[in-house]
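The chains referred to below are lettered A, B, ... by the order of the sequence lines, with proteins before strands, and numbering in each begins at 1.
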Protein chains: 2
Amino acid sequence: MTMPPAGKDGRYHHGDLRTALVDAAIDLIAERGLRGFSMAEASRRVGVSSAAPYRHFADRDALLAAVAVRGLQVFADMVATEGGDAGRPDDQLVAMARAYVRFAAGQRSLFDALFSAGLDKSRYQELREAWEPVDAMLAVVTEICAGDQAAAEALADAVEATAHGHATLLRDGDYGRGSGAVQIAADRAASATLALIAGRAALRPPR
Amino acid sequence: MTMPPAGKDGRYHHGDLRTALVDAAIDLIAERGLRGFSMAEASRRVGVSSAAPYRHFADRDALLAAVAVRGLQVFADMVATEGGDAGRPDDQLVAMARAYVRFAAGQRSLFDALFSAGLDKSRYQELREAWEPVDAMLAVVTEICAGDQAAAEALADAVEATAHGHATLLRDGDYGRGSGAVQIAADRAASATLALIAGRAALRPPR
DNA sequence: GTCTATATCCCGATAGAC
DNA sequence: GTCTATCGGGATATAGAC
């Protein structure tokens, strides 16, 4: 859970500094926000000099990208767990929307690193690849749309945008601050998803 | 459009430093992003010392909050213009969703200050008040829902979240980078809005 | 009252020693 | 692989010029 122990000489010395830095960064962002994160403070917490991280990460953004990759792994786990394979396709999609909102609330550091750090996606291939498990799960939309691929993509995009919107509005405090806010945001994302499914015929208006 | 001229002695001296700083901040954020913005650089561009801004703004966040307020004024103008009072209520709501996306694309500095700066809303009353014109325009939903107030609020929330989601995904580059991306995002936000209207009966699921 | 000058502290990043 | 040393720059706060 926490970081590996220091070496025999009191210094950090046994190899997994990279992972230790990612862990420290997540804690740090959780405590002080993205702006409160710094390479120097993360180094201090792990017990190495402020120059040490640069052996593992090219710069600050590269460390944040590693945090974002971790975020996508956690997110995929949450979606897989909460949106269990049981249930009809509609319910699965609704559960994914709920999981999206819950992820934003329960793993703020990861969510922020993923969506608010302004990372240049074209620079981090590993980050692009980490989306694949999530995209794979979004494939339930093809069942809902009975094989119509274009309709499925339109629905997937609409649901993703809606879930993302509710998640970010929740993070910005628009639904309040407590755990009640999470419930509200998740419920609304869920019902919006149902409405999108119900009204999906309007998703591709004839030009 | 740009900032006021310097005083007779080449120094900035005639009173509207506050406005000049907001203007400079907007340009700066447009060029270098939120993280690239600093009080020091904004001061430099206006031609005052780095301590001068603190006479008008308590800290960095206070200046960003002023930028955000400006953003809401511009946003309200865009919505009022693009979503003109003509047309049926449905069309007005769709036009608002489009305007939301276009605002994010065309006024990135303002959008970022408003939604990505992590400003503590409870600290800036002026910022809360600046939402009122926008909220007022969102009232078209009551017409769509034929007076059912609870249904209207649910629809307004869903549309706002969806528009916000498309806007932020666009800003993060998920639809690509050119002006084609803006078109795509605006079209999808518009059709998602239509789908939400069509499927709005599902927005408040029986508990 | 508004701005300048100045001092302190922290951050990002690099170069070279071990 | 990590450390020491170091450079440039930004944020905050205070004292004082006009």
I need a per-nucleotide contact map over nucleotides 10-15 of chain C, read 5' to 3'. Cutoff is protein heavy atoms under 4.0 Å; write B for the base, S for backbone only, - otherwise. -SSBB-
Which whole-number value in Å describes the distance from B:D16 CG to C:dC3 C1'? 16 Å
Of the nucleotides D:dT2, C:dC3, D:dC3, which one has an atom closest to the side chain of A:H56? D:dT2
Holding to side chain to side chain contact (heavy atoms under 4.5 Å, CB included), I want the full list of residues that pass it with B:R171, two or more places apart in sequence or in another chain. B:R108, B:F111, B:D112, B:S116
Pair B:E82 + B:R102: basic N to acidic O under 4.0 Å: yes
Any non-hydrogen side-chain atom of A:D90 less than 4.5 Å from a side-chain atom of A:V94? no
Mind calculating the distance between CZ (B:R18) and P (C:dG1) to the nearest angstrom? 18 Å
B:F57 has an atom CZ; how far is it from atom P of D:dA11, in whole Å? 14 Å
Do A:D59 and A:R123 meet the salt-bridge criterion of a basic N to acidic O distance under 4.0 Å? yes
Per-pair distances, 0.1 Å, donor-acceptor, side chain in residues 127-135 of chain A, under 3.5 Å, sequence neighbours excluded:
| residue | atom | partner | partner atom | Å |
| --- | --- | --- | --- | --- |
| A:R128 | NH1 | A:K121 | O | 2.9 |
| A:R128 | NH1 | A:S122 | O | 3.3 |
| A:E129 | OE2 | A:Q125 | NE2 | 2.9 |

Return the orientation label for the A:F115 and A:Y100 ring planes: parallel under 30°, perpendicular over 60°, tilted otherwise. parallel
